[in-house]
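Report on one structure; see the data block that follows.
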Amino acid sequence: NQRTIFILADCTGHGVSGAFMSMIGNSLLYKIIKVKEIYDPATILYLLHDDIYDLLKQKYDKNRDGMDISICYFEKDDLSKKVSITFAGAKSSIFYSQNGFINQLNGDRISIGGFTERKREFHNQKIGLSEGDLVYFASDGYIDQNDVNRKRFGSTKFKNLLHQIHTQKTDYQKYMLLSSLKEHQQNEEQRDDISVIGIKL
């Protein structure tokens with residue numbers, strides 16, 4: 001009741017290939033978190049990358065499959081009603097409300113999976129929130145969606161939208177996220193998978 005981990009992952013590929021990577025990621029995360037009992041987000045990312053890299057033999061072929069992923073470890077103090085959050089991300093960000101404002105935490109600019117000479121290092125970031133604050137997870141599909149003029153929705157516009165709606169009921173927030181995206185997108189095709197998840201503490 002006091003601790004939990006939440007993860008949002010956006011896998012490469014679509015259809016069968018995307019589903020395959022989702023199954024691999026889910027299985028490996030279960031092994032790391034539930035079996036090995038590792039709860040540190042940066043360590044989870046490091047081990048997840050190593051496992052995918054080895055499992056898909058990415059050192060020896062051209063396979064570059066992987067994922068962008070956000071991991072948050074929540075720990076609640078029942079007495080103070082405060083929630084400590086440890087975040088680590090691979091090419092991903094989270095947004096959170098605090099004192100009437102929306103803030104953004106950016107993860108490391110490296111993804112999970114794929115071969116690179118660069119050493120994969122992931123870093124934890126910690127914040128403290130209170131009951132009633134919100135944490136938003138989003139894949140890049142919403143922010144990268146273009147309009148008829150090929151202009152992206154953009155992270156600044158997304159952050160401003162969250163600021164406008166974060167004090168409203170969650171059902172209304174969902175409505176505004178969907179309607180704002182539709183207004184921006186108009187008749188343009190959806191270019192990527194889209195996930196937006198808000199958690200009220």
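Nearest heavy atom pair, residue Gly89 against residue Phe122, reads O-CD2, 4.1 Å. Nearest approach of Leu181 to Tyr142, heavy atoms of both residues: N-OH, 3.5 Å. Closest non-hydrogen pair, Ile94 versus Cys72, comes out as CD1-SG, 3.7 Å. A pairwise comparison of heavy atoms in Ser155 and Ile143 identifies N-CG2, 3.4 Å as the closest pair. Looking at every heavy atom in both residues, Asp78 comes nearest to Gln2 through OD2-NE2, 2.7 Å.
Using a 4.5 Å cut-off on side-chain heavy atoms (C-beta onward), His123 and Asp108 make contact. Looking at Gln104 and Ile102, their side chains never come closer than 4.5 Å, going by heavy atoms from C-beta outward. No side-chain heavy atom of Ile85 sits less than 4.5 Å from a side-chain heavy atom of Tyr73. By the 4.5 Å heavy-atom criterion applied to side chains, Ser70 and Phe87 are counted as neighbours. The shortest side-chain heavy-atom distance between Asp65 and Phe20 does not fall under the 4.5 Å cut-off. Tyr175 places none of its side-chain heavy atoms less than 4.5 Å from the side chain of Ile165. For the pair Thr43/Ile32, no side-chain contact is recorded, criterion being any heavy-atom separation below 4.5 Å from C-beta on.
Taken to the nearest 0.5 Å, the CG atom of Leu55 stands 6.0 Å off from the CG atom of Leu28. Of the inter-residue distances, the one linking Leu48 atom CG with Arg120 atom CZ reads 11.0 Å to the nearest 0.5 angstrom. Here the straight-line distance linking atom CZ of Arg152 with atom NZ of Lys157 works out to 11.5 Å at 0.5 Å rounding. The structure places CD1 of Ile38 at 11.5 Å from CG of Leu29, a figure rounded to the nearest 0.5 Å. To the nearest 0.5 Å, atom CD of residue Glu37 and atom CD1 of residue Ile33 are 11.5 Å apart. To the nearest 0.5 Å, atoms CD (Gln173) and CG (Leu161) are separated by 9.0 Å.
A donor-acceptor pair shorter than 3.5 Å cannot be found between the side chains of Gln98 and Asp133.
No side-chain donor-acceptor contact under 3.5 Å links Glu121 to the backbone of Ala42. The main-chain N or O of Met176 is found under 3.5 Å from a side-chain atom of Ser179 such that the two form a donor-acceptor pair. Put simply, the side chain of His49 never gets that close to the backbone of Tyr46: no donor and acceptor are under 3.5 Å apart. Checked by atom type and distance alone, the side chain of Gln190 pairs as donor or acceptor with a backbone atom of Asp192 at under 3.5 Å. A donor-acceptor contact shorter than 3.5 Å is absent between the side chain of Ser84 and the backbone of Gly128. Listed for the Ser97 side chain is a donor-acceptor partner under 3.5 Å among the backbone atoms of Leu134. Not a single donor-acceptor pair under 3.5 Å links the side chain of Asn26 to the backbone N or O of Ser22. In this structure, Gln145 contributes its side chain and Arg191 its backbone to a donor-acceptor pair below 3.5 Å.
Both Ile197 and Val83 sit in one connected hydrophobic cluster of ILVMFWY residues. Membership requires side-chain heavy atoms under 4.5 Å apart, directly or through other members. Val196 is not connected to Ile199 by any chain of hydrophobic side-chain contacts under 4.5 Å among Ile, Leu, Val, Met, Phe, Trp and Tyr, and they are in different clusters. Criterion: ILVMFWY side-chain heavy atoms under 4.5 Å apart, direct or through other members. Under it, Ile7 and Leu105 are not part of a common hydrophobic cluster. By the rule that hydrophobic residues join a cluster once side-chain heavy atoms approach within less than 4.5 Å of another member, Leu178 and Ile194 end up as members of separate clusters.
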*For side-chain contact (heavy atoms from CB on, under 4.5 Å), just list the numbers for Asp68 and Ile112, CA-CA rounded to whole Å, side-chain angles, deciding distance to a tenth of an Å, and then say yes or no.*
CA-CA 6 Å; Asp68 302 338; Ile112 298 295; over 6 Å; no
_Candidate pair Leu8 and Ile69, rule side-chain contact (heavy atoms from CB on, under 4.5 Å), full reasoning_ = CA-CA 6 Å; Leu8 176 65; Ile69 180 171; over 6 Å; no
*Under the side-chain hydrogen bond (donor to acceptor under 3.5 Å, both in side chains) rule, what do Ser139 and Ser195 come out as? Steps first, then yes or no, please.*
CA-CA 5 Å; Ser139 67; Ser195 295; 4.5 Å; no
*Between Lys81 and Asp77, does a side-chain contact (heavy atoms from CB on, under 4.5 Å) hold up when you go through it step by step?*
CA-CA 6 Å; Lys81 303 299 183 182; Asp77 185 323; over 6 Å; no
*For the pair Ile52 and Met67, evaluate side-chain contact (heavy atoms from CB on, under 4.5 Å) and give the outcome as yes or no after the intermediate values.*
CA-CA 10 Å; Ile52 289 177; Met67 63 190 71; 3.7 Å; yes
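A salt bridge does not link Glu131 with Lys200: every distance from a Lys NZ or Arg NE/NH1/NH2 to an Asp or Glu carboxylate oxygen is 4.0 Å or more.
Dense packing is recorded around CD of Gln186, with more than 12 heavy atoms of other residues, nucleotides or ligands lying under 6.0 Å away. Taking a 6.0 Å sphere around NZ of Lys151, one finds it holds 12 or fewer heavy atoms contributed by other residues, nucleotides or ligands. Heavy atoms from other residues, nucleotides or ligands lying under 6.0 Å from NZ of Lys82 number 12 at most. The local environment of CZ in Phe95 is crowded, with over 12 non-hydrogen atoms from other residues, nucleotides or ligands closer than 6.0 Å.
Taking the six-membered ring for Trp and thresholds of 30 and 60 degrees, Phe137 and Phe6 have ring planes inclined between 30 and 60 degrees apart.
For Tyr96 and Tyr136, the ring centers are positioned 6.0 Å apart or more.
Under the side chain to side chain contact (heavy atoms under 4.5 Å, CB included) rule, Thr86 has a single partner from Ile71, Ile5, Asn124, which is Asn124.
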